[in-house]
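Each remark here refers to the structure printed beneath this line.
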Amino acid sequence: MDLGCTDEEEEFRARLKAWLTRELPGLPPRPDPLDWPARRAYDCGWQRRLYDAGYADVHWDASPTQRLIFLEETELAGAPYVGANFVGLLHAGPTIAAEGTDGQRARWLPPVLRGDEVWCQGFSEPDAGSDLASLRTRAERDGDTYVVSGQKIWTSHAEVADWCELLVRTDPGAPRHRGITWLAMPMDAPGVTVRPLRTLAGSTEFAEVFLDEVRVPVENRVGEENDGWRVTMVTLSFERGTAFVGEVVACRRLLGELARTARKNGTWDDPVLRRRLGRLSAEFRALWRIVQANVSEAQATGGVPGAGGSVFKLHYSHARQELYEAAAAVLGPDALDLGRDWNLDRLSSLSYTIAAGTSQIQRNIVAERVLGLPKGR
């Protein structure tokens, strides 16, 4: 397995670094992290800059290694994160690129790349979170449209989204994994109601979405009717396999900041804390190697990450939580001040063992698809 880069890929890295050096000083101030309409405008503005410079399509029209280089270098440079564009760029876009028709790719991918349209993820339901295949949102065929009714929860970025990657049940009588369909639903369609949910950190990047006989054109179906579970596995492979790559780089940078802060405030004198930071440094170096291995595998198998993404997601979720617990130890009493660096991120880290598939689900996937163990009865 080759974890290195070719001369062409290193040239891509050098060109990207030079562009970031020129571009980042001219960015406007970042908006209030709790103001999602302002964040959408900021994030989409950054996406437009990437588009104009020729870097926007790196998430699905580049080799997995180039995608990895892009995520690594933009994070190291302190460039804006994808933010409100997260679902479109890292979930829905790659899925449509892999599974959509030529017409669907032409319709939906360019606006995402330009930062013109934002997507949200309509997967989880009140009684179908980790057990996603038990979803009950119904879609009944009526000529050239599906009539959709049901409820979604934890719908990422629904408050500011134009489109939703939506899972619906189109055959209630089929085995539950076989009666699901993947639709692209316009968020301004009649019958769509969005109610933002406030997180522990005070943000509203999630929402409840209520669907009351919403009409979605059949041409908005990605994949075949009732084949949505297979398409969903493609979406989740991208979500778990590559979507968190930039965050690993951010965590490694944070470790260096923690060490410098600890030396300044005296907590570095605690040998237990030093060992803790050292172990976390080793953890994140190992995670980066897992990322490289997953990218090499994806490059050899057509660009879609495999089950190794679940290995990464499982370990990363827990390592990130441990990292921010270490940050609290460095800050001491200041860890209670939400205005201090890292504290809001610490609250956010609590969700990582649930988001994008719980740790329990990831263990099942690793057991069945990586280790070859039998499925539970």
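All values below were derived from every heavy atom in this structure, side-chain atoms included, with hydrogens, water molecules and symmetry-related copies excluded. None of these values were measured; they are calculated from a predicted model.
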* Go through Asp35 and Tyr42 one step at a time and tell me if the side-chain contact (heavy atoms from CB on, under 4.5 Å) criterion holds. => CA-CA 11 Å; Asp35 183 349; Tyr42 183 88; over 6 Å; no
* Ionic contact status for Arg230 with Glu99, cut-off 4.0 Å ->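 Counted as a salt bridge, because a side-chain N and a carboxylate O are separated by less than 4.0 Å.
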Taking everything shown except [X] itself, do over 12 heavy atoms lie less than 6.0 Å from its [atom1]?
{"X": "Trp36", "atom1": "CH2", "result": "yes"}
{"X": "Glu11", "atom1": "CD", "result": "yes"}
{"X": "Arg49", "atom1": "CZ", "result": "yes"}
{"X": "Glu213", "atom1": "CD", "result": "no"}

* Can Arg285 be said to sit on top of Trp288's aromatic six-ring, NZ or CZ under 6.0 Å from centre and within 45° of the ring axis? ->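 Pair Arg285/Trp288 does not count as cation-pi.
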* Does NZ or CZ of Arg141 come closer than 6.0 Å to the centre of the six-membered ring of Tyr146, within 45° of the ring's axis? ->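 Yes.
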* For the pair Ser156 and Phe206, evaluate side-chain contact (heavy atoms from CB on, under 4.5 Å) and give the outcome as yes or no after the intermediate values. => CA-CA 5 Å; Ser156 305; Phe206 299 113; 3.6 Å; yes
How far apart are the closest heavy atoms of [X] and [Y], and which atoms are they?
{"X": "Leu280", "Y": "Ala319", "result": "CD2-O, 4.0 Å"}
{"X": "Ala139", "Y": "Val148", "result": "CB-CG2, 3.9 Å"}
{"X": "Val231", "Y": "Gly223", "result": "CG2-CA, 4.2 Å"}

* **ring pair (Phe, Tyr, Trp, His ring centres under 6.0 Å) involving Phe284 - partner list, sequence neighbours excluded** => none
* Aromatic ring pairing Trp119/Trp108, orientation class (parallel under 30°, perpendicular over 60°, tilted between) -> perpendicular
* Asked: Which residues satisfy the side chain to side chain contact (heavy atoms under 4.5 Å, CB included) test with Asp7, sequence neighbours excluded?
  -> none
* Could you note down all residue pairs passing salt bridge (Lys or Arg N to Asp or Glu O under 4.0 Å) where residues 147-162 supplies at least one of them, sequence neighbours left out? =>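 For residues 147-162: Arg40-Asp162, Glu125-Lys152.
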